[in-house]
Protein chains: 2
Amino acid sequence: MPARGDLPQMLIEAGLAILDEEGAEGLTLRRIAARAGVSHAAPAHHFNGLPGLRIGIATQGFQDFRRELIATRDAQPADAGAFQRLLAVNLTYIRFARRHTPLFRLMFDQLPTQDPDLRSVARAAYVVLQEHCQPFVRDREAAPFETAVWALTHGFAMLNMDQPYPPESPVQVSSYEDALRLLVG
Amino acid sequence: MPARGDLPQMLIEAGLAILDEEGAEGLTLRRIAARAGVSHAAPAHHFNGLPGLRIGIATQGFQDFRRELIATRDAQPADAGAFQRLLAVNLTYIRFARRHTPLFRLMFDQLPTQDPDLRSVARAAYVVLQEHCQPFVRDREAAPFETAVWALTHGFAMLNMDQPYPPESPVQVSSYEDALRLLVG
DNA sequence: CGATTATCTTTACACTGTCAAGTTGAGTAA
DNA sequence: TTACTCAACTTGACAGTGTAAAGATAATCG
């Protein structure tokens, strides 16, 4: 929650709210500023224009994303198996994309900007997934397997986000478990 | 190639060129029109504003996409194995995303619009991938396996498009073959 | 107390998409 | 031929956008 007077954080929160409520098209500098109760030129003093503000919003998005992944991990029962843990975390990944589709798109659209803070929190979110792959690495190398699991999950999230495609054989969340099982062998 | 006087096709071609040369930010209605040599209001008579033109560009993108997939399939040697064929087609999928990143994003961003033509060509492109999964379906059901292969490939394409992420363990095209092999078993 | 500096507002500008009205030119019917 | 029609396109205007410059305001500090 933004402290009153902490305008940068208030602008980011306003941006997140607009993304969830109105989608990516509503995310204009002037509307963000209006929602935060300041003039349209105020953001310029804290961010490098709209591009900078978008990076800030994406950074906050990755932090929230990571927090949800961690919350899912910590909510697993003590006797949960390694596969169930990996599955639960990855399903949170997929559901986050579905629940916050415009934000999710923005997050990964902003990654190429190479902003240090953004890279850092994005990396931290990935580590949560990565550590759940550990039990399945066995004799093979870790990196290629982790990459495969990540790509499968991210692809599933992307294709499941907006609508089933192709319509005749939809990418349903319910079929992700089977897909993941194919991969872990 | 657009015939002179076929303005709709010329506008789409102009849009594709702008996407490749200037990225998504350059794709404005007025710049597309200027590149096609017409006034800024001309596109309105052939498309439903910029949203309609974007759908048209995405539709053309899926057609080109499908053509490249088919070209790769037809270029395989007669003695190529089923895995090599699947791998080759999917690598074309991944490379297309990398070579035409702004277009690739636009294509899948426009899918939720539910435009009939767009859905049709997108489905046709998917079928190319789908038919290469056939040899690996064996006793299991086809749809979940195809979905898994598609999600893995699409996720790989998305993560590989702009830049390696996370930077320390990049999603390299060279590691896709191992990932796919894990999946087909 | 007076000066300074960060924060925010006001104003102006170029650019965007859309709409309404006007222009043009090819085809058509009498 | 002449008048009509109509699709294709242009022109002009409008609200909304991001950005930059300049002004106002208030807190901080010497």
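Below, chain A is the first sequence line, B the second, and so on; all start at residue 1.
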J.: Step through it carefully: locate the ring centre of A:Tyr126, locate the ring centre of A:Phe65, and say whether they are under 6.0 Å apart.
T.: no
J.: Salt bridge (Lys or Arg N to Asp or Glu O under 4.0 Å) for B:Arg95 and B:Glu68? Distances and angles first, verdict last.
T.: CA-CA 10 Å; B:Arg95 275 193 242 99; B:Glu68 286 200 19; over 6 Å; no
J.: Among side-chain atoms of A:Thr153 and A:Asn90, is any donor-acceptor pair under 3.5 angstrom?
T.: yes
J.: With sequence neighbours left out, which residue pairs that include part of residues 29-38 of chain A fulfil the side chain to side chain donor-acceptor pair (under 3.5 Å) condition?
T.: A:Glu21-A:Arg35, A:Glu22-A:Arg31
J.: Considering only NZ, NE, NH1 and NH2 on the basic side and carboxylate oxygens on the acidic side, decide whether B:Asp109 and A:Arg105 come within less than 4.0 Å.
T.: yes
J.: From the set D:dC9, C:dT18, D:dG18, return the single nucleotide nearest to any side-chain atom of B:Leu50.
T.: C:dT18
J.: Of the options D:dT17, C:dC8, D:dC9, whose atoms approach the side-chain atoms of A:Arg31 most closely?
T.: D:dT17
J.: Kindly state which residues belonging to residues 53-61 of chain A come within less than 4.0 angstrom of DNA chain D, counting heavy atoms of the residue only, listed by number.
T.: none
J.: What is the separation between atom CD on B:Glu22 and atom P on C:dC15, rounded to the nearest whole Å?
T.: 14 Å
J.: Is A:Asp64 paired with A:Arg67 through a side-chain N to carboxylate O contact shorter than 4.0 Å?
T.: yes
J.: Take atom CG of A:Leu29 and atom P of C:dT16, then tell me their distance rounded to the nearest Å.
T.: 17 Å
J.: Using whole Å, report how far CG of A:Asp6 lies from P of C:dA6.
T.: 18 Å
J.: Report all interatomic pairs (protein N or O, nucleotide N or O of nucleotides 10-12 of chain D) with separations under 3.5 Å.
T.:
from, atom 1, to, atom 2, distance (Å)
D:dT10, OP1, B:Ser39, N, 3.3
D:dT10, OP2, B:Ser39, N, 2.5
D:dT10, OP2, B:Ser39, OG, 2.7
D:dG12, O6, B:His40, NE2, 2.8

J.: Would you call the rings of A:Phe156 and A:Tyr176 parallel, tilted or perpendicular if under 30° counts as parallel and over 60° as perpendicular?
T.: perpendicular
J.: To the nearest Å, how far apart are A:Leu11 CG and C:dT7 C1'?
T.: 12 Å
J.: Using a 3.5 Å distance criterion without hydrogens, assess whether the side chain of B:Gln76 forms a donor-acceptor pair with backbone atoms of B:Thr72.
T.: yes
J.: In whole angstrom, give the distance that lies between atom CD of A:Glu25 and atom P of D:dG18.
T.: 13 Å
